[in-house]
Amino acid sequence: MSMIQQRTPLSNEEEYKYAKLAMEWYGWGSPIGLGILLVALAAAAVLVRIAVYGL
């Protein structure tokens, strides 16, 4: 018995489902987008602190 499975073409419904999931991964609501947003907010806070109080 072979361990390799043959893939069948996706139906239109399956293609839409996977495309929708792929498009939801990016943006500010995704884990990646939220991480970038938090890093940007932290960097802005550090820059404001340096500007106000100095090093």
Side-chain angles (χ1 to χ4, degrees):
M1 184 185 322
S2 175
M3 296 296 291
I4 299 174
Q5 295 179 354
Q6 292 192 0
R7 296 180 185 226
T8 59
L10 297 176
S11 68
N12 286 339
E13 292 81 19
E14 289 174 325
E15 285 182 15
Y16 178 76
K17 179 181 79 170
Y18 290 121
K20 185 177 175 186
L21 287 173
M23 291 176 61
E24 289 176 355
W25 180 246
Y26 66 92
W28 294 117
S30 72
I32 303 296
L34 288 176
I36 292 171
L37 179 63
L38 289 174
V39 169
L41 287 174
V46 169
L47 291 174
V48 167
R49 182 181 181 274
I50 290 172
V52 172
Y53 297 111
L55 294 173

Name all residues meeting the side-chain contact (heavy atoms from CB on, under 4.5 Å) criterion together with Ser11; count only those two or more places apart in sequence or in a different chain, and write none if there are none. Glu13, Glu14
side-chain contact (heavy atoms from CB on, under 4.5 Å) filter on Ile50, not counting sequence neighbours, yields Val46, Leu55
Using a 4.5 Å cut-off between side-chain heavy atoms of Ile, Leu, Val, Met, Phe, Trp and Tyr, which other residues end up in the same hydrophobic cluster as Val48? Val52, Tyr53
